[in-house]
Amino acid sequence: MRILKALLWSCVALLGAGAFGFLALQRGEHVSAGWLLTAAICSYAIAYRFYSKIISAKIFALDPARQTPAERLADGRDFVPTNRWIVFGQHFAAIAGPGPLVGPTLAAQFGFLPGFIWIVVGVALGGAVQDCVILCASTRRDGKSLGQMAKEEIGPIAGFTALVATFGIMIILMAVLALIVVNALRSSPWGTVTLGLTIPIAIIMGLWMRYVRPGRVLETTAIGVILLAISLFAGRWVADSPTLAPIFTLTAIQLAIATVVYAFFASVVPVWLLLAPRGYLSAFVKIGVVVALAGGIFILLPPLQMPPTTRFIDGTGPLFAGKVFPFVFITIACGAISGFHALISSGTTPKLLANEADARFIGYGAMLSESLVATLALIAACILTPGTYFAINAPAGLIGTTVESASQVITQWGFVITPAEMTALAAKVHETSLLSRTGGAPSLAVGMANIFAKVLGGDGSMALWYHFAIMFEALFILTTLDAGTRVGRFMLQDLGKHIWKPFGRTNWYPAILLSSAIVVGSWGYFLYQGVTDPLGGVNLLWPIFGISNQLLAAIALCVGTTVIIRMGKVKYSFITIIPLTWLSIVALTGGSQKIFSADPKLGFLSHANSLASIVAGGALPAGAKNAFEASRMIFNDRLDAAVVAVFMIAVIVILADSARVWLGVINGSRPAVSTEVPFHARTASAQP
Amino acid sequence: MTKDRGPKTETTLARINAVVRRIIGAPDYSAYLRHMAEKHRECTVLTEWEFLDEQLTARYSTPGSRCC
């Protein structure tokens with residue numbers, strides 16, 4: 001039996017290595033997506049079977065006989081022992097947002113290989129390790145949050161840094177996600193109407209669950225899904241109507257204002273009315289689409305049109321500036337390693353585990369699944385021809401605003417796209433233009449529509465599938481926006497009460513309105529900056545988001561390392577120190593390049609200086625209509641530099657603070673005592 | 001034999017219902033009632049509205065329930 005198992009795992013390893021070797025060595029031909037999937041799935045299997053065992057067996061020695069917080073503190077509310085598959089599903093639905101779809105799509109500008117290698121290696125050695133270690137640590141501490149653990153394991157400075165980092169990452173995240181929605185919906189009456197209708201749909205669901213059929217979540221969600229389908233057709237009907245279409249053909253600025261106003265109201269009305277029904281709908285659609293996408297790709301195994309690497313690994317890429325190192329690692333956070341997950345692994349999930357041995361399956365396993373989603377998104381982006389991909393994703397500042405200029409520029413880059421092809425594609429998805437829809441969502445939607453239409457409906461259904469994909473992406477981006485604004489408001493109120501006490505009162509309307517306005521104002525400011533940026537904004541905001549997410553991951557890994565070292569398991573601390581070292585290098589290199597690079601395309605300060613010298617010469621920079629706008633652009637560059645600098649300082653502070661604790665434990669000046677809740681044996685009756 | 005089918009299908013449906021509800025993150029009132037009946041018979045239980053309000057408000061005020 002042992003021999004048989006060893007043989008089986010050797011086969012998996014050989015198959016995975018073979019697929020990787022093929023991907024690395026093949027030249028010329030279009031590779032089938034099957035090779036990527038084989039390489040990824042074999043790697044995940046090996047990583048799960050062997051690498052995650054170090055965490056579960058050697059470090060935490062997860063013990064099915066040990067009582068979990070869900071059992072010991074059972075309250076029928078937060079602490080509820082739950083079946084492992086259900087916890088897995090809930091954890092997966094919570095961690096898989098738009099991040100793993102957008103990041104890989106943007107990183108495809110380097111070709112499919114750099115992003116793919118990082119997604120697979122990063123998750124095995126980084127992301128899944130982080131999620132699993134934090135989940136184990138939190139489960140052993142009654143489900144404490146990351147911030148609490150940072151404070152108690154490392155110290156108050158680390159705790160405060162974690163709090164500020166979480167708030168900072170949320171502001172940047174919401175700005176960049178809102179920008180993606182705006183870019184996908186601008187001048188698109190179909191998309192705008194469909195997404196706009198999701199708001200009354202959610203409200204109808206909320207009222208239905210409140211007054212008509214209380215507690216009937218599933219039935220209500222099913223109604224919501226049907227209404228969503230209807231709204232898809234309603235969108236087409238409006239887009240075809242010569243009188244209505246112009247009303248819903250909005251500019252980027254109008255959409256940005258609408259998004260900010262929506263998020264403000266959504267975050268102050270009662271949760272049951274809008275946020276909760278919207279969250280159910282979005283989780284439902286999300287899981288459905290991910291499964292459908294996986295099914296479509298597995299059935300078709302489409303050939304990748306994108307080459308393994310493009311010339312843009314030298315840092316001259318049109319989607320965002322910067323070389324493949326460190327920027328592929330910053331662009332793809334979710335899917336490889338995402339600090340945000342540490343908040344979920346130390347939030348709802350540890351309070352649901354019925355058996356602590358499930359932490360490996362849920363912490364490590366769910367993150368591997370998210371990595372697979374990232375791989376699927378990468379595949380969906382890479383089945384477009386590179387010409388199409390760049391035409392959709394490159395900003396108007398580079399390729400111009402006509403299909404002719406776009407075709408000309410992209411041909412100069414060495415990729416082929418004719419004006420006729422671009423016009424035909426836009427017509428096929430029922431849009432006036434697909435040019436420069438930066439942000440990744442539209443090109444992913446075209447890729448997904450290609451896959452879905454091939455499986456179901458044929459070429460004629462492309463437009464419907466495209467708008468379905470846009471609605472799906474925008475739906476759960478808006479869900480993150482409204483929920484995030486509300487969470488941001490609570491965090492701000494919690495911080496602000498130290499300065500002015502009444503500000504912290506969460507049921508006092510003036511405080512609610514003021515704090516919500518500050519939160520939407522903060523991300524709205526960055527959103528406006530992105531919307532008015534002549535280079536499309538995503539190149540500006542996504543790297544800042546990546547750096548902030550890596551910062552949060554660094555904090556989580558510092559907490560993990562401290563927990564491991566204080567358990568007296570220094571020799572296994574490599575498991576968190578490897579990804580921590582890599583992330584610190586990446587975040588600090590990327591951050592300093594974003595601030596100090598002499599190339600104005602990459603460095604914020606040199607860009608500010610180049611704008612300033614244009615203004616000093618008596619001219620106006622591109623995108624500025626007057627001197628005030630020009631000076632605001634210069635201020636924005638400096639502000640962005642300052643934001644990145646704050647994130648970098650936070651990384652250094654948390655590293656230094658943690659290293660102090662680690663060295664103390666190692667040289668004996670600090671006791672190596674674990675702060676775990678002591679062992680309580682499970683009672684037989686508590687078996688789920 | 002056929003008589004057993006009805007209730008059996010019903011329980012299966014109820015179970016699917018419970019599973020999907022939990023995965024999409026809906027609070028589980030019946031689990032709360034079960035818990036209160038088992039452990040805290042002396043306490044008055046929250047009504048379904050009160051329970052949902054409490055759970056949803058908590059869920060949407062911490063960053064630990066959703067990701068990017």
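None of these values were measured; they are calculated from a predicted model. Numbered from 1 within each chain, the chains take letters A, B, ... in sequence-line order.
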Asks: Can you tell if the side chain of B:His35 reaches within under 4.5 Å of the side chain of A:Val80, non-hydrogen atoms only?
Replies: no
Asks: Is it the side chain or the backbone of A:Ser267 that comes within 4.5 Å of chain B heavy atoms, both, or neither?
Replies: neither
Asks: Pick one of side chain, backbone, both or neither for A:Leu352, based on which atoms fall under 4.5 Å of a heavy atom in chain B.
Replies: side chain
Asks: Which residue out of B:Gln55, B:Glu48, B:Lys39, B:His40 racks up the most heavy-atom pairs below 4.5 Å with chain A?
Replies: B:Gln55
Asks: Which heavy atom in B:Pro27 sits nearest to a heavy atom in A:Tyr280, and how many Å separate them?
Replies: CD-OH, 3.4 Å
Asks: So for B:Glu38, is it side chain, backbone, both, or neither that comes closer than 4.5 Å to the heavy atoms of chain A?
Replies: neither
Asks: Please tell me if the side chains of B:Ile24 and A:Lys286 come closer than 4.5 Å, counting only heavy atoms from C-beta onward.
Replies: no
Asks: Checking A:Val217 against chain B: side chain, backbone, both or neither under 4.5 Å from a heavy atom?
Replies: both
Asks: Answer with side chain, backbone, both or neither: which region of A:Arg210 has an atom nearer than 4.5 Å to a non-hydrogen atom of chain B?
Replies: both
Asks: Please classify the contact between A:Ile287 and chain B as side chain, backbone, both or neither, with a heavy-atom cut-off of under 4.5 Å.
Replies: side chain
Asks: List the atom of B:Thr57, the atom of A:Val271, and the distance in Å for their closest heavy-atom pair.
Replies: CA-CG2, 4.3 Å
Asks: Should we say atom CH2 of A:Trp85 is surrounded by more than 12 heavy atoms from elsewhere, each under 6.0 Å from it?
Replies: no
Asks: For A:Met174, which atoms come within 4.5 Å of any heavy atom of chain B: side chain, backbone, both, or neither?
Replies: neither
Asks: So what's closer than 4.5 Å to chain B heavy atoms on A:Thr166: side chain, backbone, both or neither?
Replies: side chain
Asks: Run the ring-centre check on A:Tyr211 versus B:Trp49 and record whether the distance is less than 6.0 Å.
Replies: yes
Asks: Does the side chain of B:Tyr60 come within less than 4.5 Å of A:Val487's, by heavy atoms?
Replies: no
